[in-house]
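Sequential numbering from 1 along the given sequence is applied to the chain's residues.
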Amino acid sequence: LPVNWTVRLSGGWDNSFVTRDTRNPTRIRGISSGIRFTANAGTFAGVDGFEFHDSQGVMFDQPQVGRYGGAIFINGCSPFIRNCTFTDNSADPTHGFSLGGHIFAMNSTPEISGNTFYGGSATSGGAIALLDCTDALIQNNIISDSSCYGIGIDNKGAAIYITGGSAQLINNDIQNNSGCYQGGGLY
């Protein structure tokens, strides 16, 4: 689902679609990234109350050819990702390198808060990968059982991989992430 405008997506509704019910999440599964936020999405866009599962990431050519953002791909904007569940998403490196098993952000300022991440995988950033992001916020998340594909020198950050830019990590529960050359929890 490409988001090229300032759109907020709210999932988790009761059967009548009148009242939010986070016990009933809206589910997304994609053979590419479930949601792709691009520059025109600006600072107002976001997603709240979704469950992303078994998605495989979008093909992209920067920083090198490969798959990026198993569930969510962000490029050049500042969306929020709140109150979502991510299960068994991957940035499958079959066609080359990969970053961000659940979420990949590049040249962006995402807010990633109140989510649960389980079982993501990528070359680096099994759960979350941030590339040249400024003032990203990763807060109040549970990140567990994510891993890197392989154990080579390029495999870094089973849970979170950050390179370039800056990010604040506040009150996250990071556990049982493994399988990387460097940084089981954070690189």
I need the minimum non-hydrogen distance between [X] and [Y], along with the two atoms involved.
X      : Y      : value
Thr163 : Leu131 : CG2-CD1, 3.4 Å
Gly76  : Ser108 : N-OG, 2.9 Å
Gly30  : Ser55  : N-OG, 2.8 Å
Asn177 : Ile143 : ND2-O, 3.2 Å
Gln139 : Asn172 : C-OD1, 3.5 Å

task: Please check if Phe117 and Leu169 belong to a single hydrophobic cluster, counting links between Ile, Leu, Val, Met, Phe, Trp and Tyr side chain heavy atoms closer than 4.5 Å.
output: yes
query: Is it true that Val7 and Ile81 fall in one hydrophobic cluster, defined by side-chain heavy atoms closer than 4.5 Å?
result: yes
task: May I ask you to test the Tyr68-Pro63 pair for a side-chain heavy-atom distance under 4.5 Å?
output: yes
Minimum side-chain heavy-atom gap Leu137-Ile170 below 4.5 Å: yes
Gap between atom [atom2] of [Y] and atom [atom1] of [X] - 0.5 Å precision:
X      : Y      : atom1 : atom2 : value
Cys180 : Leu186 : SG    : CG    : 11.0 Å
Ile103 : Ile72  : CD1   : CD1   : 4.5 Å
Arg67  : Ser32  : CZ    : OG    : 6.5 Å
Ile138 : Cys133 : CD1   : SG    : 8.5 Å
Asp61  : Phe97  : CG    : CZ    : 13.5 Å
Leu130 : Ile160 : CG    : CD1   : 8.0 Å

Short side-chain to backbone donor-acceptor contact, [X] and [Y], under 3.5 Å:
X      : Y      : value
Ser178 : Ala158 : no
Ser33  : Gly69  : yes
Thr134 : Thr109 : no
Ser98  : Ala91  : yes
Ser90  : Gly120 : no
Ser166 : Asp135 : yes
Asn75  : Asn107 : no
Asn176 : Ser144 : no
Asn155 : Thr123 : yes
Ser146 : Gly125 : no

task: Could you name each residue pair satisfying salt bridge (Lys or Arg N to Asp or Glu O under 4.0 Å) that touches residues 162-178, not counting sequence neighbours?
output: none
message: Enumerate the salt bridge (Lys or Arg N to Asp or Glu O under 4.0 Å) contacts for residues 98-123, please, sequence neighbours excluded, ordered by first and then second residue.
response: Arg82-Glu111
Report all side-chain donor-acceptor pairs from residues 37-51 shorter than 3.5 Å, counting only partners two or more places apart or in another chain.
{"residue": "Thr38", "atom": "OG1", "partner": "Asn4", "partner atom": "OD1", "Å": "2.6"}
{"residue": "Asp48", "atom": "OD1", "partner": "Arg20", "partner atom": "NH2", "Å": "3.4"}
{"residue": "Asp48", "atom": "OD1", "partner": "Asn83", "partner atom": "ND2", "Å": "3.2"}
{"residue": "Glu51", "atom": "OE2", "partner": "Arg27", "partner atom": "NE", "Å": "3.4"}
{"residue": "Glu51", "atom": "OE2", "partner": "Arg27", "partner atom": "NH2", "Å": "3.3"}

- request: Flag yes if more than 12 heavy atoms outside Tyr118 fall under 6.0 Å of its OH atom; otherwise flag no.
  value: no
task: With sequence neighbours excluded, tell me which residues meet ring pair (Phe, Tyr, Trp, His ring centres under 6.0 Å) with Phe52.
output: Phe86
statement: For Tyr187, the ring pair (Phe, Tyr, Trp, His ring centres under 6.0 Å) test, sequence neighbours excluded, returns Tyr161
side-chain hydrogen bond (donor to acceptor under 3.5 Å, both in side chains), paired with Asn89, selected from Gln56, His53, His102: His102
task: Report the residues that fulfil salt bridge (Lys or Arg N to Asp or Glu O under 4.0 Å) with Arg29, sequence neighbours left out, ordered by chain and then residue number.
output: none
